[in-house]
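For clarity, every value in this text was computed on a predicted model and none was experimentally measured. Start at 1 and go down the list; that is how both ligands and their atoms are numbered.
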Amino acid sequence: MNDQSRMNKKRRMILGGMAALAGVPLLNTIFSAQALAAGLPHLKDNDPTAKALHYHHDATKAPRADKPNMPAKDQFCHNCMFVKSDTGTWRPCQLFPGKDVNANGWCASWTHKAG
Ligand code: SF4
């Protein structure tokens, strides 16, 4: 193998490595999007924070109370300002990072979403 061949082989190896590295962010984006589409683990009723906030997947079984801007019967995770999505039965909530809450659930931090 002459010097020119060795240089070409090195160039190909370097370019191949750069191409592989350039693909890493793209793969991360694809896997993150798949993870979001698949959803986060569901918040468990027995999670310590969920228990402290009286969270329940079924709001009708939670200790809701009337608030000035919303009667108890109309309070759900889907109309709470802390829910981070407008679609799906299970949605991320700012108060429970890494978990999805039920759109028809409720917890004591419920606050009416504006708009
Ligand atoms: S903060 Fe809002 S969205 Fe999150 S669990 Fe409580 S009621 Fe549901």
Side-chain angles (χ1 to χ4, degrees):
M1 185 180 286
N2 64 26
D3 285 347
Q4 186 62 40
S5 295
R6 268 193 286 269
M7 284 299 287
N8 285 341
K9 186 177 179 185
K10 267 188 188 173
R11 251 187 229 126
R12 280 195 302 272
M13 286 174 59
I14 290 169
L15 288 174
M18 289 171 63
L21 286 174
V24 169
L26 176 64
L27 289 175
N28 280 341
T29 301
I30 291 168
F31 288 129
S32 295
Q34 284 177 338
L36 281 176
L40 298 167
H42 297 172
L43 179 65
K44 304 276 189 232
D45 286 338
N46 64 358
D47 174 283
T49 308
K51 282 175 93 170
L53 292 176
H54 308 290
Y55 171 82
H56 201 289
H57 296 318
D58 179 355
T60 64
K61 295 178 178 163
R64 297 179 295 178
D66 289 345
K67 295 202 175 183
N69 59 349
M70 186 73 77
K73 68 176 183 55
D74 294 333
Q75 299 171 19
F76 297 94
C77 289
H78 66 76
N79 61 8
C80 172
M81 70 177 284
F82 297 112
V83 77
K84 292 166 49 177
S85 173
D86 291 329
T87 60
T89 302
W90 293 91
R91 306 174 186 186
C93 166
Q94 293 175 41
L95 270 60
F96 297 100
K99 301 280 169 56
D100 275 350
V101 298
N102 193 295
N104 292 317
W106 180 93
C107 87
S109 293
W110 182 91
T111 304
H112 190 227
K113 181 174 15 182

Pairs under 3.5 angstrom only: tabulate donor-acceptor contacts from the side chains of residues 74-82 to other protein residues two or more places apart or in another chain.
from : atom 1 : to   : atom 2 : distance (Å)
Q75  : OE1    : W106 : NE1    : 2.9
Q75  : NE2    : A65  : O      : 2.9
Q75  : NE2    : M70  : O      : 3.2
N79  : OD1    : F76  : N      : 3.0
N79  : OD1    : W110 : NE1    : 3.0
N79  : ND2    : D74  : O      : 2.7

More than 12 heavy atoms of other residues, nucleotides or ligands under 6.0 Å from NZ of K113: yes or no?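 More than 12 heavy atoms, drawn from other residues, nucleotides or ligands, come within 6.0 Å of this atom.
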
Backbone N/O of N102 and side chain of R91: donor-acceptor pair under 3.5 Å: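 No.
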
Would you list the protein N, O or S atoms within less than 2.8 Å of atom 4 (Fe) of ligand 1, leaving out water?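 Listed by chain and number, the nearby protein N, O or S atoms are C93 SG.
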
Looking only at non-hydrogen atoms, find the nearest pair between A103 and G88 and report the distance.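 Result for this residue pair: CB-O, 3.7 Å.
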
Donor-acceptor pairs under 3.5 angstrom involving side-chain atoms of residues 39-50: please list them, not counting sequence neighbours.
from : atom 1 : to  : atom 2 : distance (Å)
D47  : OD1    : T49 : N      : 2.8
D47  : OD1    : A50 : N      : 3.0

Tell me every residue that passes salt bridge (Lys or Arg N to Asp or Glu O under 4.0 Å) with K67, counting only those two or more places apart in sequence or in another chain.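 Partners of K67 by the salt bridge (Lys or Arg N to Asp or Glu O under 4.0 Å) criterion come out as none, since no residue qualifies.
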
